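Protein chains get the first letters and strands the later ones, always in sequence-line order, with residue 1 at the start of each. Please read all numbers here as calculations on a predicted model, not as lab measurements.
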Number of protein chains: 2
Amino acid sequence: MASKRKKVNFELFTLGSSSGVAYKNKALKKHIVQFIDNRGSSSITELSKELTTSVPKTTALVTELIAEGLLQDEGKIDSTGGRRASVFGLVSDACFFLGVDVKKYHVNVGLMDFQKRMVTHKDKLPFKMENTADSLKKLIQLIKDFISHSQIERARILGCGINLTGRINQHTGHSFSFYHFKEEPLAEVIQQEIGIPTYLENDSRSMAFGEFYSGEVSSERNVLFVNLDYGIGLGIVVDGKIYYGRSGFSGEFGHIPLFDNEIICHCGKKGCLETEASGWALIRKFKEHIEKGSSSSALKKNKSLNDATLEDIITAAKNEDTLCIELLSEIGEKLGKGLAVLINIFNPELIILGGTLSETGDYIRLPARSVLNKFSLSLVNNDTSLRISRLGERSGVIGACLIARSKVIYNT
Amino acid sequence: MASKRKKVNFELFTLGSSSGVAYKNKALKKHIVQFIDNRGSSSITELSKELTTSVPKTTALVTELIAEGLLQDEGKIDSTGGRRASVFGLVSDACFFLGVDVKKYHVNVGLMDFQKRMVTHKDKLPFKMENTADSLKKLIQLIKDFISHSQIERARILGCGINLTGRINQHTGHSFSFYHFKEEPLAEVIQQEIGIPTYLENDSRSMAFGEFYSGEVSSERNVLFVNLDYGIGLGIVVDGKIYYGRSGFSGEFGHIPLFDNEIICHCGKKGCLETEASGWALIRKFKEHIEKGSSSSALKKNKSLNDATLEDIITAAKNEDTLCIELLSEIGEKLGKGLAVLINIFNPELIILGGTLSETGDYIRLPARSVLNKFSLSLVNNDTSLRISRLGERSGVIGACLIARSKVIYNT
DNA sequence: TCAACTTTGTTAATTTTTTTATTAATTTTT
DNA sequence: AAAAATTAATAAAAAAATTAACAAAGTTGA
């Protein structure tokens, strides 16, 4: 079906640093696409105001965009007190964006259309993330397979976003924690293989972006996303844009020195937030309690204590297992102290709790909120709402798609 | 002299939300001024590239800007391999910006010209900041006097920036901690009195902005400014812009819960960074040591221990007083732990230590750096340089001027 | 030293865009 | 229910901007 459609002209998205009338028109058309992306279908009059360009000129630009297959006439809106205006919107299947969310034990892949709608979605594809060339090869094959099964012609897929844990320099496309075998940026390597412009991103930042730009029109401009998994990540959105810092290593929230304990963190230091408030800490605490003689439904009969996973504990808590709920509450309290730090510094509109651990919802959120109020200035924390991720497991893929999409549409 | 100059046309800076050719030309001219402000004197060809507008059109715009008194021909630059180009720069005395830095026991006032140069500067004008209507009245009078003594006609002063401690909403112009007597924003009240558009700002943020935009061309885009005084403030510059947060209460760095002590902070909570690493903590520690029998040159013979000020201790340290140097080192170490938190979260290019306490230079900086390295990820802290403020006491006034200036020129 | 080449700036012709006027489609008012 | 008012879209006229051609000013190299 899609292959039968007429060709779409994407020159718009690759405007060089030329000049002249042709260049200006391209820039104006790009502006139109961006405006409609942000504000939804728009009339000629609205566009004309936004571009500060006359109505006849705007009409001409929109006509060209329709001919190029990017825009479509969506009929007339209700009158605002006079002749009804035609509105124009993005053609949903004009182009697509691929998102790949690489987790420790599986991969989620998805495809998003021009209108930000997910069209295909494969959850939990079996994959084991190991820092080997072979693992990378398998990942690339997996992406290729997804593309060919998607039935969408490759030329219409304008970008691919990939999430990895660890330290990523989004700008250069380097991954430092995983698959760092050559000098050449990993993004470049994958791009060569799949034939689609590829953008790497840290998983927490990508999830933050996904949560921020999806769903309802987000009036919030400053949002923090806390990724609660085995470790603790932080995605920072400032004024609607992802914050990277000097070399893209921002958001090492899990390793702020907040406690006076003697537990050695993965990073080699003591007292990190992660030693008390992460999934990793949860499992440690769980084991300690079981060894002291506590019982819990999270202990499966055919599994040894050492093999207990985060999922086991989360499932048990959802089934009202007392020990697990208590431990989650403890984790939430410790986390709350960390969130208080963030609130005092950022005065954000919203903090979203995401990642695997956030599936426990209020078991972790309520203790966190209560401790957070205790440790941050009330004038500041009054402004901040703390909520559980709405996208859940999907925030990663959605974020990856959205990052690729905004790279292409906005060049940011 | 200045009064003899021909009239300058400022319409540019007040472009309404109109449309049409006239409006577009205004916007283009504003863009020219902004570009020259950022990149220095420029040629027609450079401007033409930046605006993506033809050379004849650009020539016409520049000619108009010269006629309006904002731009001037600055002669020809060295050839780049052909005919030499004329360059155009900002007319330094076209307009001015006022900066007022209100401290606890004095006020600094200054005037900056169109080219970011300070033309008049009055340091440490006697003033006591008290939360009374009378104090506010005196402050306004002080500003009025400064203006009339400056010999600059009021119409050429396009903006006034005022720094206050405490919680400020820059956007609405409200001050919540001081002079909050009516519903009407304080900025509005002062503006009515002095007859110049007025912008309020939190002192730490203003100092951050001053430090960021003055001096050398700042290649750093993400900078943190730590204001070490009796309290601890934080100014955050993200991508060259001040970060405010939801309601302008960002940067409450002094009140992050970092220590497990029993000291009650001004904010009512325990364990705040400010209880261990501020000027206020320094004085407390100093008193404790003296009471235990230590001696120090900071103790003036005609002053009781209770009247010891931050300045006394700083001066003593500069004169190599052992106790004071030791205490500063202790303060520096505690501060370092706080800075480690910031570095892990922000991965900034630069952290600047400013405010009164920073006058002690390496006595506080070196211990801070050493502890900071211990508590933050080395991959991240390698990127960050920690330096003492170069502007010192003046960063406040310069920041206030620059904020007023960028409000007018950039409407930000 | 002078021709060939570069870059800047100006003028005139051409193209593009905006304005203004007019027609069309709805709602509001009388 | 018809006229007046309001908003949208189109066509023709007027204005503005770009392009292209050329002159001016400087560099480079034989």
For B:S43, which contact category applies under a 4.0 Å heavy-atom criterion: base, sugar-phosphate, or nothing?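 If one applies the 4.0 Å heavy-atom cut-off, B:S43 turns out to touch nothing in the nucleic acid.
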
NA contact type, A:N25, heavy-atom cut-off 4.0 Å: base, sugar-phosphate, or nothing?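 Since only primed, P, OP1 and OP2 atoms lie under 4.0 Å of A:N25, the category is sugar-phosphate.
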
A:E11 and A:K29, any side-chain heavy atoms less than 4.5 Å apart: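 No; the side chains remain at least 4.5 Å from each other.
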
Heavy atoms, side chains only, cut-off 4.5 Å: are A:L28 and A:Y23 in contact?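 No, their side chains stay 4.5 Å or more apart.
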
For D:dA23, what is the paired nucleotide under Watson-Crick or G-U wobble rules, both distances under 3.5 Å?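 Check on D:dA23: paired to C:dT8, both distances under 3.5 Å.
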
Using purine N1 to pyrimidine N3 plus N6-O4 or O6-N4 for Watson-Crick, or N1-O2 and O6-N3 for G-U wobble, both under 3.5 Å, which nucleotide pairs with C:dT26?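 Across all strands, the one nucleotide that pairs with C:dT26 is D:dA5.
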
Whole-Å distance between [N] [atom2] and [X] [atom1]?
| X | N | atom1 | atom2 | answer |
| --- | --- | --- | --- | --- |
| B:L28 | D:dT18 | CG | C1' | 14 Å |
| A:I77 | C:dT26 | CD1 | P | 12 Å |
| B:R84 | D:dT27 | CZ | C1' | 12 Å |
| B:D78 | C:dT7 | CG | C1' | 14 Å |

OG-NZ distance between A:S406 and A:K241, expressed to the nearest 0.5 angstrom: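 So the OG of A:S406 and the NZ of A:K241 are separated by 11.0 Å.
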
Return the minimal non-hydrogen interatomic distance between B:H31 and B:L51, and the atom names on each side.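 B:H31 and B:L51 have their closest heavy atoms at CG-CD2, 3.3 Å.
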
Quick one: the side chain of B:R83 and the base of D:dA25, do they pair up donor-acceptor inside 3.5 Å?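 Side chain to base: no pair present.
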
Stretch residues 48-61 of chain B: residues that reach within less than 4.0 Å of DNA chain C through a heavy atom: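 B:V55, B:P56, B:T59 - these, ordered by number, are the residues of the stretch whose heavy atoms sit under 4.0 Å from the strand.
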
Relative to the ring of A:F114, is the ring of A:F13 parallel (under 30°), tilted (30 to 60°) or perpendicular (over 60°)?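 Judged by the thresholds at 30° and 60°, the geometry between A:F13 and A:F114 is perpendicular.
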
Verify the contact: side-chain N or O of B:K76 to OP1 or OP2 of C:dT8, cut-off strictly under 4.0 Å; return yes or no.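 So the side-chain polar atoms of B:K76 never come under 4.0 Å of the phosphate oxygens OP1 or OP2 of C:dT8.
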
Give a yes/no answer on whether the side chain of A:S86 brings an N or O atom under 4.0 Å of OP1 or OP2 in D:dA8.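 Checking A:S86 against D:dA8: no side-chain N or O falls below 4.0 Å of OP1 or OP2.
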
For B:G81 and A:I44, find the nucleotide of DNA chain D closest to each by heavy atoms; which residue's nucleotide sits nearer the 5' end?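 It is A:I44 whose nearest nucleotide is closer to the 5' end.
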
From the set D:dT18, D:dA9, C:dG9, return the single nucleotide nearest to any side-chain atom of A:K24.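 Nucleotide nearest to A:K24's side chain: D:dT18.
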
Any idea which of C:dT18, D:dT19, D:dA23 is nearest the B:V21 side chain?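 Looking only at heavy atoms from C-beta outward on B:V21, the closest nucleotide is C:dT18.
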
Is it the case that the side chains of A:Y199 and A:Q191 hold a donor-acceptor pair, with the cut-off being a distance below 3.5 Å and no angle test?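 Absent: no donor and acceptor within the cut-off.
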
Strictly below 4.0 Å, N to O, side chains only: are A:E46 and A:K49 in salt-bridge contact?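 Judged by the 4.0 Å cut-off on N to carboxylate O distance, A:E46 and A:K49 do not form a salt bridge.
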
